[in-house]
> 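Encoded as C-alpha cells, here's the structure I'll be asking about.
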Amino acid sequence: MNEVELEELRKRAEAALSKPAAYGPDVDVTQFSVPPPPTSYEEILSASSHLLASVGVDLTGRGSAGTYLQVDEEAVEVEVRTPGLRVLNLQQALEEGIVDGYLWRAVPVDADKYTAAAELFGRRQGYVVIVERGAKIETPVQTCLLMSAPGAIQAPHNIVIVEEGAELHVVTGCLTMMERAGLHAGVSEFYVKRGGKLTYTMIHAWDEQTHVRPRTGVVVEEGGQYISHYVNMTPTASLQTDPKVWLVGRGARAYLSSVIVAKGDSVMDVGGTVYLQAPDTSAEIVSRAVTKDRAEMIARSLISAEAPGVRGHIECDGLLLSNQSRILTLPALDAKHSDVQLSHEAAVGKLSEDQIFYLMSRGFSEDEATSMLVRGFMEVKLEGIPDELRRQIEMAISMAAAGL
Amino acid sequence: MLRIEDLRVAVDGREVLKGVNLELGASEIALLLGPNGSGKSSLIQTLLGNPKYRIKSGRILLDGRDITDLPANERAALGLGAVFQMPPKLRGIKLRDLLRRLAERSGADYQSLMKMAEEMGAAHLLDRDLHVGFSGGEVKRAEVLLLAAQRPRVALLDEPDSGVDLDSLPVLGKSIRSVISQDGDRAQERRSALVVTHTGHIAKYLQATRAFIMVDGVIKCYGDAQAILRDVEKYGFEGCLNCIFAEVRRD
C-alpha cells in the first residue's frame, strides 16, 4: 500500500478513536499501553504450555499445516509446513504487497474505537494465511494469540485468503496470562473465493481482567463456504463481538456455531450476522449460552435476506445455572425479498427437574446428572472439520462444562 | 424383596396413593393393572424416588432396608431400575454413551447390549440423542436397553407396551423377558419385576405369576396373574370395583 492510502486509513482511524461500539460495555482504549517486546518468550511459553494445550495449541506444531504464534504485539513463531500454503505476519505481507486489496476491506477501519485502536496502536502484527488456488489443505493451520503484558493492548490484524476452489482449516486459540486488565482488539478479515471453503475454529480462554473486542468480517464468493465454530471457556471482564459474513456469490453458504460459557461477573455480548446478498445463498447460526453466578449474556444473531431463493435459520438456546445471571437472546430475521425462507427457534431456561430425576433414577448422582445435562446442552453440530479438530473442540467444550 | 407398607403419596397437594400395600418376592414377575389415573405410574415414580411425589406416610423396604427417604440414585445403586412410560428427552446425550456408562457401573457386557440393540431393531437409535424425535415404540426399546445396562435386581416397568405396534410387541416382550429373567452372577440373584400394563398385551411374554389391581390409589385385589387377566378381560375394571373379593387374596 502506498503512503497516501496508509495516511488515509490513519486519518479515518483517528476520527473514530472515541466512537463507541454499538453493543457491549464501553472501554477507554487509551488507558491501555502498547507493550514493549518481552525479552524472553521461552519463559512465557513454557509457563503457559498447559493453557495453550487447553485452547488446542501444540507448540511442537505436530498435526498442523502451519503455525502462527503471537505474544502480545510480537509474532514469535511463523512456520509453514505444507505446499500451497503461506503463513506470514501482516508486516511482512504488507511489505510484499500481497494483501493490499484485502486490508480493511471486510471490516471498516472506522467501525468503532476498537478497529481504530487496532489500526493506530497495533504494530501490524497478526497472521496472514493464503491458500493457493485449488489447494486443499487437510490439516489445520494453528494460530495463537497470547497476552502476557499487564495493562496492555493486543491488536493483531489477521487476514485469511482462500483462493478459488481451495480449502483451509484455521484453528485459533486465544488466551491471557496476566494479572492486570488488558484489552484484546483483534481484527480478522477472511476472503473465500469462488468454490473455496474455510473452516474457522476459535477457542477462547481469557481471564476476568481482560476486555475482548474481536472484529471479524468475512466475504464469501460464489459456491464458497464459511464455517465457524466458537468456544468461549472462561470468565472474561467483558466480551463483545459480532462477526459479519457477506455471502456475495450465488450458492454461497455460512454456518456459525458458538458455545459460550459466562460465569463470575462476566459480561458477554456475542453475535453473528450473515447477509445473504446473492441468489440461493444460505446461512445457519446456532448458539448455546450457559450462564452462572452473576454473569450477563446477550446472544444476538441476524440473518438478512437480500436476494431470491435464499434460506436462513437461527437456533439460539440459553441455560441459566443461577438466579443472579441473565440471558437475553435476540434472534433477528430481516427479509428484503419475498422469495426467501427464514426461521428461528430459541429456548431459554434452567435444567429440567424431570431430566435430573431421570438420570438419577438410572444411578447418577445429582452432580453427575447436572454436568451430563449441561454438557449435552452445549452439544452443537460440528460440521466440515477433520476428526482431530472435532475432538479438540469437543474437549474444549467438555472442559468448559467441567468448569461450571 | 420389595415391600410397600401403607404408602400415602401426594403430588402438587393432591393425594394419588391412598395407602398402598404390596409385596414383590424374589424372582417374582408381577403385573400392576388398573384403569387410567388409578395411581399406577404414581406408584412407580414414588418407588424410584421422584421428589415431586411427596410421601405422607408409609414405608418402602428393599430387602428389608428402608429406602423411603433415599434419593433416586441411591435406590438405583441398591438395585432398582425402570422403564419410564414417558421419559424426558435428553438433548446432547447419546443413547450409546449412556449405555456405556451404565454398563461400566453395573458390569453389564457392552457387546451383549449392542447385540440386544441389533435384535430389537434399535441399533439406529444408538447415536441419536436419547428420546429426541423417537417414536413411541423407539422410546420403549431405548428404555429396555437402558434397563438391561443397569442390571437391576428389581425392575419397575411402566407401560412398556403402550405406543408399541402389535407387530413389534413379541420382540419387545422377549427382550424384556430376557432382561428381567436373566440370572445374576449367582443363581439366587434372579431379578424381580413389577410391570404396569394398561392393556395386558405384554403379559403373555413375561410369564408373570401374580397381578395386582389398583383402583383410586389403593390395591383393590391381587392374585394369580392369569386368573386376574381373564377376569379383567371379562368384566373390565368395573367388575373389580364391585368384586366382593376386593382386597382379599384370590388364588
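The chains referred to below are lettered A, B, ... by the order of the sequence lines, with proteins before strands, and numbering in each begins at 1.
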> Can you tell me how far apart CE (Met360(A)) and CG (Leu48(B)) are? Round to the nearest 0.5 Å.
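Separation between the atoms: 11.5 Å.
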> Of all heavy-atom pairs between Phe357(A) and Ala72(B), which one has the smallest distance, and what is that distance?
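It is CE1-CB, 3.8 Å.
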> Is it the case that over 12 heavy atoms from other parts of the model lie below 6.0 angstrom from the CZ atom of Arg294(A)?
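Yes, because the 6.0 Å sphere around CZ of Arg294(A) holds more than 12 heavy atoms from other groups.
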> What are the two closest heavy atoms between Met372(A) and Leu98(B), and how far apart are they?
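Distance-wise, the nearest heavy atoms are CE-CD1, 3.3 Å.
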> At a heavy-atom separation under 4.5 Å, does Glu74(B) approach chain A through its side chain, its backbone, both, or neither?
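Neither part; nothing is under 4.5 Å.
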> Let me confirm one number: the CD-CG distance from Gln355(A) to Leu90(B), rounded to the nearest 0.5 Å.
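Nearest 0.5 Å value for the CD-CG distance: 5.5 Å.
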> Do you know which two heavy atoms are closest between Asp354(A) and Pro88(B), and how far apart they sit?
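Shortest heavy-atom contact: O-CG, 3.8 Å.
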> How close do Ala76(B) and Ser361(A) get, counting heavy atoms only, and between which atoms?
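Ala76(B) and Ser361(A) have their closest heavy atoms at CB-O, 3.5 Å.
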> Tell me, side chain or backbone of Leu78(B) under 4.5 Å from chain A's heavy atoms, or both, or neither?
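For Leu78(B), neither part sits under 4.5 Å from chain A.
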> Checking Arg105(B) against chain A: side chain, backbone, both or neither under 4.5 Å from a heavy atom?
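Contact with chain A: side chain only.
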> What distance do Arg91(B) atom CZ and Arg288(A) atom CZ have between them, rounded to the nearest 0.5 Å?
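Reported value, rounded in 0.5 Å steps: 4.0 Å.
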> Return yes when atom NZ of Lys381(A) has more than 12 non-hydrogen atoms of other residues, nucleotides or ligands closer than 6.0 Å, and no otherwise.
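More than 12 within 6.0 Å, yes.
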> Hey, what do you get for CG (Leu130(B)) to OH (Tyr358(A)), rounding to the nearest 0.5 Å?
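Taking CG in Leu130(B) and OH in Tyr358(A), the distance rounds to 5.0 Å.
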> Which heavy atom in Leu102(B) sits nearest to a heavy atom in Arg362(A), and how many Å separate them?
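Residues Leu102(B) and Arg362(A), closest heavy atoms: CD2-O, 3.2 Å.
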> A quick test of your reading: do over 12 heavy atoms of other residues, nucleotides or ligands sit less than 6.0 Å from CD of Glu119(B)?
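Counting other residues, nucleotides and ligands, CD of Glu119(B) exceeds 12 neighbours.
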> Check whether more than 12 heavy atoms from other residues, nucleotides or ligands sit under 6.0 Å from atom NZ of Lys136(A), and answer yes or no.
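More than 12 heavy atoms, drawn from other residues, nucleotides or ligands, come within 6.0 Å of this atom.
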> Is it true that atom CD of Glu383(A) has more than 12 heavy atoms of other residues, nucleotides or ligands lying nearer than 6.0 Å?
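Count over threshold, so yes.
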> With a 4.5 angstrom heavy-atom cut-off, could you sort out which part of Lys89(B) is near chain A: side chain, backbone, both or neither?
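It is the backbone, since no side chain atom gets that close.
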